[in-house]
Amino acid sequence: MARIIQCVPNFSEGRNKEIIEKIVEEIRIVEEVKLLDYSMDKDHNRTVVTFIGEPEKVIEAAFNACKVASELIDMKEHTGEHPRMGATDVIPLIPISDVTMEEAIELSKVLGKRIGEELNISVYLYEKSANTTDRENLADVRRGQYEGMASKLKEDNWHPDFGPIELNEKSGVTAVGARMPLVAFNVNLGTNDVNIAKNIAKSIRSSGGGFKYCKALGIEIKERNIVQVTMNMVDYTRTPLFRVFDVIEREAKRYGVNVIGSEIIGLVPMAAMVDVADYYLRVENFDHSQILEKRMME
């Protein structure tokens with residue numbers, strides 16, 4: 001069985017396709033690495049890239065992409081709806097095949113150290129790679145965003161794991177860590193009142209007493225004159241998409257607002273979508289082995 005990890009770096013650029021193409025090209029040209037997907041979002045001003053491959057080659061591709069991002073993206077000029085702290089904002093590593101989580105953690109440390117030393121970018125280890133519990137949650141690491149990082153880096157409890165204590169003003173700060181597959185899931189509401197989206201987000205996210213494995217924010221989608229509940233579902237096996245969607249729909253109705261659509265950003269595990277179909281179709285005694293494509297791949 002091939003040793004495979006997945007990498008899903010997020011870059012703070014979603015409007016200039018030329019810049020993103022140059023970053024993505026650094027991934028395409030690495031042998032034994034396969035680019036699966038990349039999606040740009042103008043409102044978030046962010047691009048999510050997904051690729052897989054042999055572990056050491058994935059680390060090489062991730063570093064090269066981060067290097068080009070540091071050269072082409074200037075965080076001093078960046079604006080967007082999505083929270084961010086660096087040109088390469090976050091680099092998660094996900095073990096897929098014949099790679100343990102412990103191995104993925106060690107790889108994240110190798111990558112983080114190289115980014116810190118060679119690119120002079122402050123790096124925090126997060127999720128499974130975090131050295132302390134207060135750095136496990138990406139939202140806590142990113143709190144203060146780019147504008148607050150210069151002072152945060154110098155706080156005793158927030159010295160970076162790698163790289164300088166002084167903020168690299170052009171490139172900002174990067175988080176690197178090993179984690180399980182995450183689903184980036186957004187729900188759009190038929191209103192332009194962002195307070196409604198913020199209230200719903202607060203009610204469903206873990207930190208607000210909602211779902212333990214859901215991180216959520218309420219934001220504006222100005223281009224469409226609507227608002228959105230944007231989420232990271234950090235463990236879809238324990239907090240399924242359909243359960244969160246149902247609650248958002250019910251909460252929206254309290255404000256006299258309809259859900260007008262939802263979207264998946266990047267790739268999603270097949271099991272997450274099958275669970276949604278199974279729930280809404282109420283299929284009795286359904287087994288994942290009944291999926292044609294799954295059987296063909298066995």
Side-chain angles (χ1 to χ4, degrees), residues 4-14 19-20 22-28 30 33-39 44 46-73 75 78 82-96 99 101 103-131 135-142 145-146 149 160-163 168 171-182 184 215 232 234 265-267:
I4 296 174
I5 63 170
Q6 181 184 30
C7 185
V8 192
N10 288 213
F11 300 99
S12 294
E13 175 57 68
I19 288 177
I20 291 303
K22 289 179 179 179
I23 293 171
V24 170
E25 183 60 24
E26 294 298 316
I27 297 167
R28 285 195 181 102
V30 177
V33 165
K34 182 177 178 60
L35 177 68
L36 298 179
D37 181 71
Y38 66 102
S39 56
H44 289 201
R46 189 176 186 86
T47 296
V48 178
V49 182
T50 305
F51 60 99
I52 60 172
E54 191 274 334
E56 284 69 26
K57 294 295 184 180
V58 165
I59 298 305
E60 177 186 342
F63 176 82
N64 293 344
C66 182
K67 182 176 185 295
V68 172
S70 72
E71 295 167 353
L72 300 180
I73 298 173
M75 288 303 296
H78 184 273
H82 199 287
R84 79 286 182 268
M85 62 182 181
T88 303
D89 193 60
V90 58
I91 308 177
L93 301 175
I94 303 104
I96 298 296
V99 178
M101 182 61 74
E103 289 174 312
I105 290 169
E106 290 307 310
L107 288 165
S108 72
K109 293 178 180 179
V110 170
L111 176 59
K113 187 172 187 290
R114 190 176 178 194
I115 291 171
E117 292 180 352
E118 297 185 31
L119 302 182
N120 195 41
I121 294 173
S122 306
V123 175
Y124 286 118
L125 296 173
Y126 82 112
E127 278 280 355
K128 303 293 185 182
S129 303
N131 291 316
R135 299 189 181 191
E136 291 178 1
N137 189 335
L138 181 60
D140 292 333
V141 173
R142 197 193 275 138
Q145 296 200 54
Y146 169 77
M149 284 296 147
D161 292 290
F162 303 108
N168 181 324
S171 300
V173 178
T174 297
V176 181
R179 62 162 173 79
M180 68 171 295
L182 172 152
K215 301 176 182 179
N232 280 340
V234 298
I265 304 299
L267 302 186

Legend entry - Step-by-step salt bridge (charged side-chain N to carboxylate O under 4.0 Å, His left out) determination, Asp89 to Arg142: CA-CA 9 Å; Asp89 193 60; Arg142 197 193 275 138; 2.7 Å; yes
Inset, instruction - Mind running side-chain contact (heavy atoms from CB on, under 4.5 Å) on Val110 and Glu106 for me, showing each step along the way? - result: CA-CA 6 Å; Val110 170; Glu106 290 307 310; 5.7 Å; no
Closest heavy-atom pair and its distance - [X], [Y]:
X: Leu72; Y: Ile19; value: O-CD1, 3.7 Å
X: Cys7; Y: Ala62; value: SG-CB, 4.1 Å
X: Val8; Y: Pro92; value: O-CD, 2.9 Å
X: Ile115; Y: Cys66; value: CD1-SG, 4.0 Å
X: Thr88; Y: Thr174; value: O-OG1, 2.6 Å
X: Gly112; Y: Val123; value: O-CG2, 3.6 Å

Does some side-chain heavy atom of [Y] sit less than 4.5 Å from a side-chain heavy atom of [X]?
X: Tyr126; Y: Ser108; answer: no
X: Met85; Y: Val141; answer: yes
X: Ser171; Y: Leu119; answer: no
X: Asn168; Y: Ser122; answer: no
X: Glu103; Y: Ile5; answer: no
X: Ser12; Y: Met75; answer: yes
X: Arg84; Y: Gln145; answer: yes
X: Ile121; Y: Ser70; answer: yes

For residues 50-57, run the donor-acceptor check on the side chains, cut-off 3.5 Å, and write out each pair with its distance to 0.1 Å, sequence neighbours left out.
residue, atom, partner, partner atom, Å
Glu54, OE1, Glu56, N, 3.2
Glu54, OE1, Lys57, N, 3.1

Inset, instruction - Flag yes if more than 12 heavy atoms outside Lys215 fall under 6.0 Å of its NZ atom; otherwise flag no. - result: yes
Inset, instruction - Determine, step by step, whether Val234 and Arg179 satisfy the side-chain contact (heavy atoms from CB on, under 4.5 Å) criterion, reporting the C-alpha distance in whole Å, the side-chain angles of both residues, the deciding distance to 0.1 Å, and the verdict. - result: CA-CA 9 Å; Val234 298; Arg179 62 162 173 79; over 6 Å; no
Can you tell me how far [atom2] of [Y] sits from [atom1] of [X], rounded to the nearest 0.5 angstrom?
X: Glu118; Y: Lys113; atom1: CD; atom2: NZ; answer: 9.0 Å
X: Tyr38; Y: Thr47; atom1: OH; atom2: OG1; answer: 9.0 Å
X: Leu93; Y: Glu127; atom1: CG; atom2: CD; answer: 11.5 Å
X: Ile96; Y: Met180; atom1: CD1; atom2: CE; answer: 10.0 Å
X: Arg46; Y: Asn10; atom1: CZ; atom2: CG; answer: 4.0 Å

Inset, instruction - Quick one: do Asn131 and Lys109 satisfy side-chain contact (heavy atoms from CB on, under 4.5 Å)? Show the steps, please. - result: CA-CA 11 Å; Asn131 291 316; Lys109 293 178 180 179; 4.2 Å; yes
Inset, instruction - State plainly whether the residues Lys22 and Glu25 are in salt-bridge range, i.e. N to O under 4.0 Å. - result: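 Not counted as a salt bridge, because no side-chain N and carboxylate O are separated by less than 4.0 Å.
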